[in-house]
Every structure is written in C-alpha cells, then in structure tokens.
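Read the structure below first, then the notes.
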2 protein chains.
Amino acid sequence: MTSTIVRSEEALFARTAHLFASATEVACAADDLNTWASSRPRPRPQLHGDKRVRKMYRPGVLLDPTSAAHLRELDRVGVDVRISPDEINETIILDRRLVILAGELVGGSREFSVFDSPDVVRSVSTLFEAAWRVASPLAAYEVRFAELRALAPKLLDVLASGCKDETAARRLDLGVRTYRRRVAELMAALGATSRFQAGVRARELGLV
Amino acid sequence: MTSTIVRSEEALFARTAHLFASATEVACAADDLNTWASSRPRPRPQLHGDKRVRKMYRPGVLLDPTSAAHLRELDRVGVDVRISPDEINETIILDRRLVILAGELVGGSREFSVFDSPDVVRSVSTLFEAAWRVASPLAAYEVRFAELRALAPKLLDVLASGCKDETAARRLDLGVRTYRRRVAELMAALGATSRFQAGVRARELGLV
DNA sequence: CGCCGATCGGCAACTTCCTGCCACACTGGG
DNA sequence: CCCAGTGTGGCAGGAAGTTGCCGATCGGCG
C-alpha cells in the first residue's frame, strides 16, 4: 500500500496500535488533546531510552488546566512538547516511515489518511520540521504565557458580558489599545480568527 | 417581614414551596429554563381552573429542542408562555403579594430577595406587565421563528469557522446584507450583544 | 390586473474592531 | 549612567461589522 483511507478512529487504532508501540520516533501535531489517541485508555507512555516522542500543540491547550497539566506530565516523562503559533491539522509521523493525517470531523467521526510512500513521508516530515522549529518548547512558552493566563479569566468575563471594548478596557483598568492587544493574544492562543469563534472555543474549553 | 434575603435555592424552595402550591396567580420571567424551579422534580403543574400562570422567556430557549418542547408542553397545559425580546432578570410574582428576585450567580449558588411589601410588589408588577405586553405569545413567536431555526445551524457553522461575512455569505449563497440580517436575528435570539458572547451562548446551548 | 405585504440585496453612513507606528515608562544588565 | 528589551497607550488608517433606506422581486388577494 501507499495510501489508505481509514474511515474511523476505531479502525485506525486497530491498524496502527502495534506501530505506535514499536516505533522509536513519533512526531505528532494537533490543535488540542481531543484526539483519538487521548480518548482511549492507553497505557502511560513509557519511554525507553531510544524512543523519541515529539508533540506539538496550539497555545489554547494551556488555557485548560487539565490539558496543561497533562502536557507538563508528558514533558516530565521525556516527551518533547512544543507550542506552535500556527494552526496545524492533526498529523502523526511514525519512524519517518508512516504518516497519518486526520480529515475533517464529519458526523461525529473522522477519516484518516495513512501513507507509507517515502515521498509523502518526506514532504510531510519537512513541513513538520519547519513548524517544529518555530514552535516554542513548553517550558519557554509557559513563562511567556503566565501573565496572559492570569489575565485571561477577567478578559473572558468582560468579553462574555457582551460590552464593547471601550467599556471592557475601562472595567479592566487598561488602555483600549492594550485591551485589544490582549484580546488578540487570547484569540491567537485559542486559534480563533473571529470573536465569535473565540467565544465558541473559550466555552468549549470551559473557560467561561 | 418586608424584605428577606434567601441565601440558596434550597432555602428558597423550603420557604416558598407551599406558596407556589396555593397561589392562584403566578408570573414568572427568566432568561432560560435553568432555574431553581425547573431543577427539582416538581409535580406536573396541574392547573385548576382559577389558577393563572404566566411565564416569560428569552428567544434563545427556543433554540434548544428540549427547552422548546418543555415550553410547548407548558403552553398546552394552560400556562401562558411568552417570548420577550428584552433581557429580564429572573423574577417571580405570586398572587400580586410576593416578589422573588434572583441575584447574581455567585460560586454556583444564588441569592434570592423575597419581598412582600405592597409597594415593591406593585412596582415590580408594573414592570413585569410592561415587559409582558411587548412579549409575543409562544405560538405567534414560533411561526416567525421557524425559518431562522432552519437556517441557524448553517449560520452557526460558518460563524464558528471564523471566516468573514463576505466569505460566509457566499458560502451560504446569500447577499452580505441578508447574511448580516440573519446574524443579527440570531444574536437577538441568543440575547447576545457581541459576536463573542453569541459564540459563547451558542456553544452553551450545544448548537455548535 | 393592480395592490399589498414580505423578503431580498445593494448602497451608504456609521460604529466597532484591528493593527502598525511611535513615544513613553520601567527594568535589568553592562 | 546608558542602553537594550519589554510593556503600555495614543493615534491613525483601514478592515470588519451594523443599520437604515430604498428599489427589485415574488407570491397572495381583491
């Protein structure tokens, strides 16, 4: 095979579980932690010395305390965790030999495309590496993020109250310019490109 | 007593349950159905002939199928249900003699202010009546709302996708003006004054 | 047929939001 | 002290969203 479409998360799991177990190099990118992998009761990832696991997420996951804790735990056991400023479709690369790309969520389940063609793997890998390079290691990102995390709840409060920036900024005792900067940062963190979308995401993460 | 603060929903229930049972005129306004009254396993409201119950909600409740069904059921058994275009703090008036006003939700539970002072009751009642007058009967509202309910899912999809109105309108094969009209209607239905807030509400109602 | 009411979509004026630019203040090294 | 780095907030210009208005279109209905 060179390209296979797997029609459900179950099928993907059945087909690739053994590969995950034996792989020595796993690279993984996702917007959040709600992936097929995290939804199953998987054994705690025990990394033996010669296994390298890299995971890349969007800043938004850090806004959810549970997810953030999970990421820190991964980091602690040796997984290389980075935060990407860019949106990334869910992507998994195994041992530089197999690529899994998630499709759109349709009707509650997703399709996955699985490739083992070297060309595909190579090009996807280069893209992944490029994204990986510009992403920040978790630890570095966390310090940069501490302040935003502190402000976010208040920010979300005023945003969710539906008042306009003028009012919101005054309520937070900020300049309008600074308030909007914060909103922009927050939206970037949520990976949202409109305030409506930001509202949805924020609610999804249980932040409001 | 003339004014009493009740510190929890339980306390309010204990104190007023018998009044609800014996009242011949109940007027009630709320933004949604998540009120203390609906959260308990209350007996089906059996309306004897001389009991008049009026309930007023925001349009948003109609977007949630369960709530909408509940409202229709109330309507069927003789409760006067109306939909108010204005936001209303939760208010209950019993027999023109007792007023209950809900406070802010703080830390998961709410305080309620209970008044039996005739003055308070009178002024609150007039406000209620004013709001009641401009509110639409459920049946009338529902027909006006049928189309929006049909369009809403698609609308919410494109909104949640984060694209701009231009793009969204084209994707829905609508004029930009009409698209925005729809968004405005939807926001009114959700009782939201900003798109961020609309996003949050939409997500709260499980519409996205 | 013409009239009526309702909806649609373009136009335009207005508000709100977004962002680059810059000056200012603060902070922590050299 | 100076200086670079960082955060703040005003300003401006542009992008996006909001709204009133009006003409066009479409189905009843007398």
Side-chain angles (χ1 to χ4, degrees), chain A residues 59-60 83 85-87 136 139-152 154-202 208, chain B residues 59 85-87 136 139-152 154-202 208:
Chain A
I83 304 298
D86 305 307
E87 193 134 7
S136 331
Y141 201 88
E142 289 232 273
V143 300
R144 263 207 303 128
F145 226 65
E147 286 180 45
L148 177 57
R149 296 234 327 269
L151 186 53
K154 275 175 259 171
L155 207 55
L156 291 160
D157 275 353
V158 291
L159 276 169
S161 81
C163 63
K164 52 194 75 162
D165 291 9
E166 191 76 24
T167 315
R170 226 172 316 117
R171 203 181 300 178
L172 260 53
D173 201 34
L174 286 178
V176 179
R177 182 70 189 85
T178 306
Y179 171 76
R180 289 179 173 151
R181 240 193 290 265
R182 289 286 156 74
V183 174
E185 289 165 5
L186 177 67
M187 282 175 52
L190 292 169
T193 57
S194 76
R195 289 200 179 187
F196 183 93
Q197 195 179 28
V200 173
R201 299 263 168 99
V208 287
Chain B
D86 305 308
E87 194 133 7
S136 331
Y141 201 87
E142 289 232 270
V143 301
R144 264 205 305 126
F145 225 66
E147 287 181 46
L148 178 57
R149 296 239 321 274
L151 187 54
K154 275 175 258 170
L155 206 55
L156 291 160
D157 274 353
V158 291
L159 275 169
S161 81
C163 63
K164 53 194 74 161
D165 291 10
E166 190 77 24
T167 315
R170 229 172 314 117
R171 202 180 300 178
L172 260 54
D173 201 32
L174 286 177
V176 180
R177 182 68 188 86
T178 306
Y179 171 76
R180 287 179 172 154
R181 238 194 290 265
R182 290 287 153 73
V183 174
E185 289 164 4
L186 177 67
M187 281 175 50
L190 292 168
T193 56
S194 76
R195 290 201 177 187
F196 183 93
Q197 196 179 27
V200 172
R201 298 264 168 99
V208 287

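Quick note on labels: first sequence line is chain A, next is B, and so on, each numbered from 1.
For the side-chain contact (heavy atoms from CB on, under 4.5 Å) with B:L190, the qualifying choice from B:E185, B:Q197, B:R201 is B:R201, the only one to do so. Looking at B:D157, B:V158, B:T167 one by one, the single match for side-chain contact (heavy atoms from CB on, under 4.5 Å) with B:L172 turns out to be B:V158.
At least one side-chain heavy atom of A:L186 sits less than 4.5 Å from a side-chain heavy atom of A:L159. Between A:E166 and A:V176 the shortest side-chain heavy-atom distance falls below 4.5 Å.
The nearest pair of heavy atoms linking A:F196 to B:A202 is CZ-CB, 4.2 Å. Scanning all heavy atoms of the two residues, the minimum distance from A:G162 to B:S194 falls at CA-OG, 3.7 Å.
Nearest to the side chain of B:T178, among D:dT19, C:dG9, D:dT8, sits C:dG9. Side-chain atoms of B:D165 lie closest to D:dG17 of the nucleotides D:dG17, D:dG9, C:dC17.
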What's touching nucleotides 10-12 of chain C from the protein side, N or O pairs under 3.5 Å?
{"residue": "C:dG10", "atom": "O6", "partner": "B:R177", "partner atom": "NE", "Å": "3.4"}

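Between A:R177 and A:D165 no salt bridge is recorded (no basic side-chain N to carboxylate O distance below 4.0 Å).
When the side-chain nitrogen and oxygen atoms of B:R195 are compared with OP1 and OP2 of C:dT16, none of them lie within a distance under 4.0 Å.
Atom CE of B:M187 and atom C1' of D:dT19 are 13 Å apart (whole Å). Rounded to whole Å, the distance from CD on B:E185 to P on D:dT19 is 11 Å. If you measure from atom NZ of B:K164 to atom P of C:dC17, you get 17 Å, rounded to the nearest angstrom. Going from atom CZ of B:R170 over to atom P of D:dA16 covers 12 Å, rounded to whole Å. Note: CD (A:E166) to P (D:dG9) measures 13 Å, nearest angstrom. In this structure, B:L159 places its CG atom 15 Å from P of D:dA16, rounding to the nearest Å. Taking atom CG on B:L172 and atom P on C:dG9, their separation rounds to 11 Å, with Å as the unit. In this structure, CG of A:D173 is placed 12 Å from C1' of D:dT8, rounded to the nearest angstrom.
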